[in-house]
Amino acid sequence: MAATSLLPKSISHFLTNPPSLPSTTTTTSTLSFLNQPHDQPQCCTKRPNLQTVHLKKKNPWLDPFDDGPDPDMEYGSLFTDGKQEEDPRPPDNPDNPYGFLKFPKAFNVEIAGLALKVRGDVRRCCCMVAGGVYENLLFFPTIQLIKDRYPGVQVDVVASPRGKQTYEMNKNVRWADAYDIDDDFPEPRVYTDFVGILKNRYYDMVLSTKLAGIGHASFIFMTSAEHKASYVYPNVNSAGAGLFLSETFTAETTNLSDGGYHMYNQMIDWLGKPFRSVPRQPTPPLKYSLSKKIKEVVEAKYRNAGAERGKYVVIHGIESDSQASMQSRGDTDSLLPLHVWAKIAKGIRDLTPVFVIPHERERENVEEIVGYDASIVFITTPAQLAALINDSAGLIATNTAAIQLATAREKPSIGLFCSEEKAKIFVPDAEEKRCTIIASKTGKLIDIDVEAVKNAIKFVNVSLALV
């Protein structure tokens, strides 16, 4: 009797009456904004399972108890139709007798709408963008798409120190953190510290353009975000990455930048997919903004070089080993030596050629080859380069970020490429963007036809004169 009294009474009850396992579909907290199957009625849609929504192919290792969507689960249109609303906040009341409290956005759980869980709203989004200035600049349309698809969302960016400079021209980004996600062997203290920073921000969605293996996928998984999407390797290096991600995009090659202007088309297609009554979100064009302070600083630079607003042509793409050359990782043959640029500059009439150098040590080389009276401007940041192009009459550049900055503002430009294929990939619809393409016939940029470039310069000069 004494032995039996020592046993807890709850053990027998636990063993004889095991609780029933809840259905995974009813405990799913949020929904994705992807399409429902077409065979479901519009008024009464069934709620899909989270794993079925995000994964192209069901992985039985993620949830062995997942039996698919619940056929009896139905939703009306009260909290499921339309886009999310701006995050509500109560008015600040300094006279509150309980203290003056300010709640940050999306932290007011007492007034959080039911649609936050049912509709799958995204209040905070983190974008990890791999690459340099060129790759981050081409990510601007994706950020604008996220802002349009999720009204009121706060977008943060994680980029390399060089790529972080690009977001000086983007007002849609709240915070831009400098962390090189391309580093395969980061320092442990930096790695763990940054995981804590991302985890403490409570992101609802994390997007990554780095080709992920199991290492980078686990890094994204530790942020505890609900929606985790990333590009993965097209080979065996992607093994195990899908276990930690909600959605994967398989890159066509091991270098995502080979896709050119549309390198992020898979992610954009996933983000903009229609969902219930929300139609497909169109992809916005590349746009950027410039502050008044940057314009004033750049104006002082080109005036000191002897140029006037609207009466000079920017020359960008001088061969240099500086990281400020703003090349694309998908086109390494995109810089020309100075002696070729000197021949091209002789064909410019009635306008002042302004040579952009990425490092001060290139100034002596320009003065020696082009002449001591040459207009030289030292610029290393993409915002200052954009301001210089904005005040110019046109641009002559190789495949650098300068050609994208000019086409975004529809400035007359001449793009020099190593091949026609590269030109079509990086500058699609060049004529609509007022860009004249000059491609090398041998596949090497050094063999470009200088006379063809001079003829294109004459054509641009005539069009400017007519304007």
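Note that this is a predicted model, so its numbers are computed, not measured. Side chains included, hydrogens not; waters and symmetry mates left out as well; all remaining heavy atoms used.
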### Query
Is any side-chain heavy atom of I143 less than 4.5 Å from a side-chain heavy atom of V173?
yes
### Nearest-0.5 Å distance, CG of residue L416 to CD1 of residue I448
4.0 Å
### Query
For C127 and V158, what are the C-alpha separation, side-chain angles and deciding distance, and is it a side-chain contact (heavy atoms from CB on, under 4.5 Å)?
CA-CA 6 Å; C127 302; V158 176; over 6 Å; no
### Query
Quick one: CE on M128 to CG on D156, what's the gap to the nearest 0.5 Å?
10.5 Å
### Query
Is there a donor-acceptor contact under 3.5 Å from the side chain of N136 to the main chain of G132?
yes
### Message
Donor-acceptor check, side chain of D269 to backbone of N265, threshold 3.5 angstrom: yes or no?
### Response
no
### Query
Any Lys/Arg nitrogen of D204 or R123 sitting under 4.0 Å from an Asp/Glu carboxylate oxygen of the other?
no
### Task
Would you mind reporting whether V153 and R124 have side-chain heavy atoms less than 4.5 Å apart?
no
### Query
Between the side chains of R162 and Q323, is a donor N or O closer than 3.5 angstrom to an acceptor N or O?
no
### Query
Between R309 and E299, is the closest basic N to carboxylate O distance under 4.0 Å?
yes
### Query
What is the minimum heavy-atom distance between A251 and P234, and which atoms define it?
O-CB, 3.1 Å
### Query
Under 3.5 Å, side chain of S160 to main-chain N/O of G131, donor-acceptor pair present?
yes
### Query
How far does CZ of F417 sit from CG of L445, to the nearest 0.5 angstrom?
9.5 Å
### Task
State which residues pass side-chain contact (heavy atoms from CB on, under 4.5 Å) with S230; sequence neighbours excluded, sorted by chain then number.
S208, A212, H216, I220, L245
### Query
Is L395 close to V313 at the side-chain level, that is, under 4.5 Å between some pair of heavy atoms?
no
### Query
Looking at residues at least two apart in the chain, or sitting in another chain, which of them share a ring-ring contact (aromatic ring centres under 6.0 Å, His included) with F378?
none
### Query
Going through the distances and angles, do M267 and F139 end up as a side-chain contact (heavy atoms from CB on, under 4.5 Å)?
CA-CA 11 Å; M267 181 177 289; F139 197 74; 4.1 Å; yes
### Summary
In terms of heavy-atom contacts, A130 and T209 come closest through N-OG1, 2.8 Å
### Task
Find out whether N255 and D258 are in side-chain contact, i.e. whether some heavy atom of one side chain is under 4.5 Å from a heavy atom of the other.
yes
### Message
Are the side chains of I379 and I357 in contact, using a 4.5 Å heavy-atom criterion?
### Response
no
### Query
Do V206 and H227 touch side chain to side chain, with heavy atoms closer than 4.5 Å?
no
### Heavy atoms from other residues, nucleotides or ligands near CZ of F221 exceed 12 (cutoff 6.0 Å)
no
### Summary
CG (L243) and OG (S218) are apart, to the nearest 0.5 Å, by 11.0 Å
### Query
Shortest non-hydrogen contact from P382 to Q165?
CD-OE1, 3.7 Å
### Task
Please step through side chain to side chain donor-acceptor pair (under 3.5 Å) for the pair T400 and Q327, ending with a clear verdict.
CA-CA 5 Å; T400 62; Q327 292 177 272; over 6 Å; no
### Query
Could you go step by step and tell me if F244 and F219 meet the ring pair (Phe, Tyr, Trp, His ring centres under 6.0 Å) rule?
CA-CA 9 Å; F244 300 96; F219 176 77; over 10 Å; no
### Task
Would you please name every residue forming a side-chain contact (heavy atoms from CB on, under 4.5 Å) with A239, sequence neighbours left out?
none
### Query
Considering residues at least two apart in sequence or located in another chain, which fulfil the ring-ring contact (aromatic ring centres under 6.0 Å, His included) criterion with Y312?
Y302
### Task
Would you list the pairs meeting salt bridge (charged side-chain N to carboxylate O under 4.0 Å, His left out) in which at least one residue belongs to residues 177-195, sequence neighbours left out?
D177-R201, D182-R329, D184-K210, E187-R189
### Summary
Scanning both residues in full, the closest heavy-atom pair of E226 with K228 reads O-NZ, 3.8 Å
### Query
Between K301 and D391, is there a side-chain N and carboxylate O pair less than 4.0 Å apart?
no
### Task
Can you sort out the partners of A229 under side-chain contact (heavy atoms from CB on, under 4.5 Å), two or more places apart, ordered by chain and number?
L207, E247, F249, W270
### Query
Taking all atoms of both residues into account, what is the closest heavy-atom pair of G240 and I214, and its distance?
O-CG1, 4.1 Å
### Message
Are the side chains of L385 and V133 in contact, using a 4.5 Å heavy-atom criterion?
### Response
no
### Query
Which residues satisfy the ring-ring contact (aromatic ring centres under 6.0 Å, His included) test with F194, sequence neighbours excluded?
Y179
### Query
Taking only residues two or more places apart in sequence, or in another chain, which ones meet K444 in a side-chain contact (heavy atoms from CB on, under 4.5 Å)?
D333, T442, I446, D447
### Query
Are K199 and T223 close enough, and set up right, to give a side chain to side chain donor-acceptor pair (under 3.5 Å), and what steps lead you there?
CA-CA 4 Å; K199 189 177 180 65; T223 61; over 6 Å; no
### Task
Could you tell me whether a side-chain N or O of R174 sits under 3.5 Å from a main-chain N or O of Q154, the two making a donor and an acceptor?
no
For residues 281-289, which side-chain N or O atoms pair as donor and acceptor with protein atoms under 3.5 Å away, sequence neighbours left out?
residue, atom, partner, partner atom, Å
Q281, OE1, K83, NZ, 2.9
Y288, OH, L405, O, 2.9
S289, OG, M169, O, 3.2

Return a table of donor-acceptor pairs under 3.5 angstrom between the side chains of residues 419-427 and protein atoms on other chains or two or more places apart.
residue, atom, partner, partner atom, Å
S419, OG, K422, N, 3.3
K422, NZ, G330, O, 2.6

## Note on the structure
Taken in chain and number order and not counting sequence neighbours, the residues that satisfy side-chain hydrogen bond (donor to acceptor under 3.5 Å, both in side chains) with T407 are none
### Message
Please find the pair of heavy atoms, one from P151 and one from R149, that lie closest to each other, and give the distance.
### Response
CD-O, 3.4 Å
#### Entry: Test item: side-chain donor near acceptor, Y134 and N399, under 3.5 Å
yes
### Message
Going by ring-ring contact (aromatic ring centres under 6.0 Å, His included), name the residues that satisfy it together with F140, two or more places apart in sequence or in a different chain.
### Response
Y167
### Message
Counting C-beta onward and ignoring hydrogens, is there a side-chain heavy-atom pair between M205 and C126 closer than 4.5 Å?
### Response
no
### Query
If you measure from OG1 on T398 to CD1 on I318, what distance do you get to the nearest 0.5 Å?
9.5 Å
### Message
For the CG atom of L211 and the OG1 atom of T253, what is their distance to the nearest 0.5 Å?
### Response
8.0 Å
### Task
May I ask you to decide if S392's main-chain N or O and K411's side chain share a donor-acceptor pair within less than 3.5 Å?
yes
